[in-house]
Amino acid sequence: MGLFYAYVVDDKNNSNYVWVITFKDRAAADEWWRFLENQSTPGLRRLSPQFYKYDFKKPISNLMAVQYGTEPADRQMFITITNQGGISTPLIPSEVITDHINRGSYFIRSQSRPEIYWALRANGYVCATAAPIARAKFKISMIGDHRRRVMIDSDDVEITSKRRQDEDVKIQTDDAGLLQFGREGDVFKFGDLNRGFRVCWDRVGPDEPSRGEKFGWICKSDYLGEIWELTH
């Protein structure tokens, strides 16, 4: 994943300039926000992943060079731009971004092959499929935290889905590392979506798919998997 950008504008609309923050990546932006949220930084509001409002009467240094996560505070850069008469064209790349909100329901798809989605098989296992009608939504929830907040890579999460009408099923790994339904469910890291799962096209599943079908089994694979995106 490449650089990620966000605007910071004056909460009172009394300023003729805005700030643009450049982050190392999307994960760094969300971790920056989590740190400031935990610090109850006064005057700052998050309206979307790329748009913040801040009381410019307060020092902008409150948002800079903060220590968060496990790395030095060198994963963001601030620049200022004038806004006289309004900004007529976007200065940051336009892209569709799904907000990673706790307890939200999402489709999970491959970043490198966006036609591949997670789906539920009748045999109780999670597979990857290129058939749009077969894809399923999965609810991702932080363990022990029911607040509506942005999830970051270090969060412990559980993954659930609906197998029938109102029945939620939890996702866990079997002895071979395949994802399946379970009563207890496993605790995953939210960051496992970044190379923590892969498609096991060559793995023999509980009911081996015919070679004419375009799906494989989803396996847990620490750091050897692919990048998965959340969409609505």
Side-chain angles (χ1 to χ4, degrees), residues 1-102 104 106 108-114 140 142 147-155 157 189-196 223 225-232:
M1 292 180 286
L3 297 175
F4 189 80
Y5 306 89
Y7 289 118
V8 181
V9 303
D10 184 13
D11 195 27
K12 307 300 181 183
N13 296 319
N14 293 326
S15 177
N16 65 349
Y17 64 90
V18 302
W19 290 91
V20 177
I21 318 176
T22 302
F23 294 96
K24 173 184 175 182
D25 52 29
R26 164 72 182 277
D30 287 344
E31 289 174 15
W32 172 84
W33 165 247
R34 170 67 67 82
F35 178 90
L36 294 175
E37 181 185 38
N38 287 343
Q39 298 297 312
S40 299
T41 303
L44 180 65
R45 292 189 295 143
R46 182 183 188 272
L47 302 185
S48 78
Q50 292 186 294
F51 195 83
Y52 295 81
K53 285 198 169 186
Y54 182 62
D55 184 355
F56 279 15
K57 292 181 180 179
K58 302 182 184 299
I60 195 69
S61 59
N62 289 346
L63 311 184
M64 298 181 178
V66 296
Q67 178 71 40
Y68 56 91
T70 59
E71 299 181 36
D74 61 357
R75 293 186 292 168
Q76 77 276 347
M77 177 182 68
F78 286 68
I79 62 172
T80 181
I81 57 175
T82 59
N83 188 29
Q84 295 177 341
I87 300 176
S88 59
T89 57
L91 296 179
I92 62 179
S94 177
E95 54 184 318
V96 177
I97 299 173
T98 300
D99 215 353
H100 299 158
I101 300 299
N102 181 31
Y106 309 93
I108 303 177
R109 73 179 182 189
S110 168
Q111 184 186 76
S112 61
R113 295 172 293 174
I140 304 178
M142 295 167 59
R147 291 173 291 175
R148 189 182 186 278
R149 59 191 327 210
V150 177
M151 295 178 287
I152 62 176
D153 286 355
S154 59
D155 287 334
V157 299
K189 291 291 186 183
F190 183 69
D192 285 339
L193 291 169
N194 184 10
R195 304 194 185 283
Y223 309 114
E226 56 185 287
I227 299 175
W228 299 92
E229 298 177 328
L230 303 183
T231 67
H232 289 301

query: Once you round to the nearest 0.5 Å, how far does CD of Glu31 lie from CD of Glu37?
result: 13.0 Å

task: Could you note down all residue pairs passing salt bridge (charged side-chain N to carboxylate O under 4.0 Å, His left out) where residues 5-15 supplies at least one of them, sequence neighbours left out?
output: Asp11-Arg45

- line: Closest non-hydrogen atoms of Thr231 and Thr98, given as atom of the first, atom of the second and distance, are CA-OG1, 3.6 Å

- prompt: Do Leu3 and Asp25 have side chains that get closer than 4.5 Å, going by heavy atoms?
  reply: no

- request: Nearest 0.5 Å please: distance from the CH2 atom of Trp228 over to the CG atom of Asn194.
  value: 12.5 Å

- line: Closest non-hydrogen atoms of Phe23 and Ala6, given as atom of the first, atom of the second and distance, are CE1-CB, 4.2 Å

task: Apply side chain to side chain contact (heavy atoms under 4.5 Å, CB included) to Glu229 and list each qualifying residue two or more places apart in sequence or on a separate chain.
output: Arg109, Gln111

field: Test salt bridge (charged side-chain N to carboxylate O under 4.0 Å, His left out) applied to Lys189 - qualifying residues, sequence neighbours left out
entry: Asp156

statement: Closest heavy-atom pair, Trp33 versus Leu44, reported as atoms and distance to 0.1 Å, is CZ3-CD2, 3.7 Å

task: Can you sort out the partners of Tyr54 under side-chain hydrogen bond (donor to acceptor under 3.5 Å, both in side chains), two or more places apart, ordered by chain and number?
output: Asn62

field: From CE (Met151) to CG (Asp30), nearest 0.5 Å
entry: 9.5 Å

- line: Lys57 meets the side chain to side chain contact (heavy atoms under 4.5 Å, CB included) criterion, sequence neighbours left out, with Asp55

field: Nearest heavy-atom neighbours spanning Lys58 and Pro42
entry: CD-O, 3.6 Å

message: Asn102: which residues meet the side-chain hydrogen bond (donor to acceptor under 3.5 Å, both in side chains) condition with it, sequence neighbours left out?
response: none

message: Please find the pair of heavy atoms, one from Tyr7 and one from Val18, that lie closest to each other, and give the distance.
response: CD2-CG2, 4.5 Å

task: Decide yes or no on side-chain contact (heavy atoms from CB on, under 4.5 Å) for Phe51 and Val9, but give the supporting numbers first.
output: CA-CA 8 Å; Phe51 195 83; Val9 303; 3.7 Å; yes

- prompt: How many angstroms lie between CD in Gln39 and CG in Leu63, if you round to the nearest 0.5 Å?
  reply: 12.0 Å

task: Please identify each residue that fulfils salt bridge (charged side-chain N to carboxylate O under 4.0 Å, His left out) with Asp155, with sequence neighbours left out.
output: Arg34

message: Could you go through Phe56 and Val8, starting from their C-alpha distance and side-chain angles, then the distance that decides it, and tell me whether this counts as side-chain contact (heavy atoms from CB on, under 4.5 Å)?
response: CA-CA 10 Å; Phe56 279 15; Val8 181; 4.1 Å; yes

query: Can you name the side chain to side chain contact (heavy atoms under 4.5 Å, CB included) partners of Arg147, sequence neighbours left out?
result: Asp145, Arg149

statement: For Phe190, the ring-ring contact (aromatic ring centres under 6.0 Å, His included) test, sequence neighbours excluded, returns His100

field: Ring centres under 6.0 angstrom apart (Trp32, Phe4)
entry: no

query: Roughly how far apart are Trp19 CH2 and Thr80 OG1, rounded to 0.5 Å?
result: 5.0 Å

task: State the OH-CG distance between Tyr106 and Leu230, to the nearest 0.5 angstrom.
output: 6.5 Å

- line: Arg195 meets the side-chain hydrogen bond (donor to acceptor under 3.5 Å, both in side chains) criterion, sequence neighbours left out, with none

task: Tell me, please, which residues at least two apart from Asp99 pass salt bridge (charged side-chain N to carboxylate O under 4.0 Å, His left out).
output: Arg46

- prompt: side chain to side chain contact (heavy atoms under 4.5 Å, CB included) with Ser40: which residues, sequence neighbours excluded?
  reply: none

